[in-house]
Amino acid sequence: MNFKEKKFPEGFLWGGATAANQIEGGWSKDGKGVSDADICTGGSHTHSKRITPVLEEGTFYPSHEAIDHYHRYQEDIALFAEMGFKIYRFSIAWTRIFPTGEESEPNEAGLQFYENVIDECLKYNIEPLITISHFEMPYALTEKYNGWADRHVIDLFVKYCEVIFNRYKGKVKYWLTFNEINCATMPVGNLQGTGILNEGTTDFMNQVDNPQVRFQALHHQFVASAKAVKIGHEIDENYQIGCMIANMMSYPLTPNPADVLENQKGMQLSNYLCGDVQVRGTYPSFSKRYFAENGITIEKAPEDDEILKAGTVDFYTFSYYTSFCKSADPNETTAGNVFGGAKNPHLKSNDWGWQIDPTGLRIALNEIYDRYNIPLMVVENGLGAYDKVETDGTINDSYRIDYVKQHIEAMHEAILDGVDLIGYTPWGCIDLVSLSTGEMAKRYGFIYVDRHDDGTGDYSRKRKNSFYWYKKVIASNGEEL
Ligand code: BG6
């Protein structure tokens with residue numbers, strides 16, 4: 001290893017990431033069914049988006065049109081190619097393939113749409129990286145089974161996987177089963193993560209929670225993911241199938257051992273529970289005590305342990321945006337973002353209270369690699385910010401360049417530390433609808449989209465300054481930052 005080397009390893013997969021419900025629109029086009037994302041209204045940092053099982057007239061539902069990628073995917077992928085993408089992470093909407101999740105035959109129009117997207121990527125030598133489930137199961141399954149709470153959904157998911165694994169065989173190599181599967185370790189992960197909608201839930205940020213049901217649902221997802229991995233390998237031995245975990249990096253707020261312990265417990269539950277099951281194929285020992293102390297009993301079918309062992313993932317991917325602190329003192333102020341936690345006095349935050357911590361990414365990469373020893377990819381990272389279009393049409397997003405640059409530097413350091421990091425797909429490479437707030441105003445893209453929270457905008461795309469910068473980064477394989 002040359003420790004002075006500025007470039008990333010040869011073949012490093014530079015790219016970007018999106019998710020179907022946050023970009024496509026066309027929510028009811030060509031046979032698509034209603035997904036859990038389609039019943040969420042717009043919101044903001046201060047007003048939670050609402051969940052309305054019955055769609056309200058006159059209410060704005062951001063996923064219904066999103067940024068209209070459904071009709072503009074060719075233009076968008078051409079822009080990704082212009083930046084030099086080697087890989088593009090996107091998700092398939094389950095509801096385009098099985099509108100209610102229970103049809104006996106898949107919807108050909110949906111299959112064809114994603115085949116077109118894949119072919120368009122391949123035209124530019126962009127490797128597709130497909131998330132099979134990114135926060136949007138068919139709403140019909142939520143209604144009928146309370147989502148993943150019911151074991152029956154496992155087979156429906158596996159069938160969906162089999163269909164897409166067979167259809168795109170030979171064209172796709174990289175797959176991820178569930179996006180940020182560990183969101184189900186938090187109450188906010190009910191609807192988005194596990195399709196659970198408990199009676200009385202109206203607000204996305206304050207969902208009625210039943211941890212017993214939520215962790216049972218997570219168990220069903222583990223089993224479904226493991227079955228999918230096994231079947232995927234049987235369909236095509238070249239398939240590389242990974243997990244995707246939201247990295248929730250945290251530090252003890254003080255050196256007080258009580259804070260250190262609190263932090264360790266938090267990291268175990270939020271980061272390592274899911275990784276351990278999906279990479280090692282067994283529940284970690286600490287989970288037993290957590291379940292017992294919280295009155296949670298996971299009901300397992302006799303074959304489940306075998307299934308988990310037989311379906312461990314080939315690589316580990318994660319999202320990384322921020323970090324926070326943990327304290328044993330319940331009065332410690334929270335960092336004011338979706339992850340909770342106490343504020344770190346050493347870090348600055350973006351306008352949504354997400355603290356900016358590139359060093360945390362290096363630490364996370366080292367810890368994860370030491371624990372699992374399989375290839376890693378950072379499949380989400382980026383800065384949500386308000387962007388301004390100048391009168392001459394330029395968008396000078398130097399703050400975003402700064403953020404991404406520092407995180408790339410941190411990844412490079414981690415590679416020098418010995419971490420086998422194989423790719424980087426920054427989130428929202430094109431502006432899209434925010435998951436936590438439902439806003440368009442929270443922009444991540446290198447490409448600006450003229451679409452706004454009041455539903456106005458002509459959807460035109462513009463290159464931000466970060467577009468030209470990221471293009472140079474890729475062309476120089478990370479040398480020119
Ligand atoms: C991740 C999700 O949690 O973070 C994405 O996988 C999401 O779907 C991203 O968009 C950024 O979060 P937000 O709330 O700023 O959109």
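Start at 1 with the first residue, then count along the sequence. One-based numbering, in listed order, for ligands and for the atoms of each.
- Under the side-chain contact (heavy atoms from CB on, under 4.5 Å) test applied with T317, the options E180, M244, E380 reduce to a single match, M244.
- Residue K442 has at least one heavy-atom neighbour below 4.0 Å for each of these atoms of ligand 1: 13 (P), 14 (O), 15 (O).
- Taking each heavy atom of Y61 and T41 in turn, the nearest pair found is CE2-CG2, 3.8 Å.
- Take Y251 and apply the ring pair (Phe, Tyr, Trp, His ring centres under 6.0 Å) test, not counting sequence neighbours, and it matches no residue.
- Note that CD of E367 is 12.5 Å distant from CZ of R362, once rounded to the nearest 0.5 Å.
- The heavy-atom pair separating D276 from P284 by the smallest distance is OD2-CB, 3.3 Å.
- Listed by number with element, the atoms of ligand 1 under 4.0 angstrom from any heavy atom of E180 are 1 (C), 2 (C), 3 (O), 6 (O).
- Separating the NZ atom in K29 from the CZ atom in F113 is a distance of 11.0 Å, to the nearest 0.5 Å.
- When each atom of ligand 1 is checked for a heavy atom of Y321 under 4.0 Å away, the hits are 4 (O), 9 (C), 11 (C).
- F215 is linked by a ring pair (Phe, Tyr, Trp, His ring centres under 6.0 Å) to Y290, F291, counting only residues two or more places apart in sequence or in another chain.
- Counting heavy atoms under 4.0 Å from ligand 1, residue N179 touches it through the side chain alone.
- The N/O atoms of T437, backbone and side chain alike, include none that comes under 3.5 Å of an N/O atom in ligand 1.
- Taking every non-hydrogen atom of Q22 and a distance limit under 4.0 Å, the qualifying atoms of ligand 1 come out as 5 (C), 7 (C), 8 (O), 10 (O).
- Residue Y444 approaches ligand 1 through these ligand atoms, each under 4.0 Å from one of its heavy atoms: 11 (C), 12 (O), 13 (P), 15 (O).
- Between W354, Y320, W427, it is W354 that holds the heavy atom closest to atom 12 (O) of ligand 1.
- Distances between N or O atoms of L435 and those of ligand 1 include at least one value under 3.5 Å.
- Short contacts between ligand 1 and S434, defined as distances under 4.0 Å to a heavy atom of the residue, involve ligand atoms 13 (P), 14 (O), 15 (O), 16 (O).
- For the pair H134 and ligand 1, a heavy-atom separation below 4.0 Å is found.
- Dense packing is recorded around NZ of K171, with more than 12 heavy atoms of other residues, nucleotides or ligands lying under 6.0 Å away.
- Taking 4.0 Å as the cut-off, W352 does not count as a neighbour of ligand 1 on heavy-atom distance.
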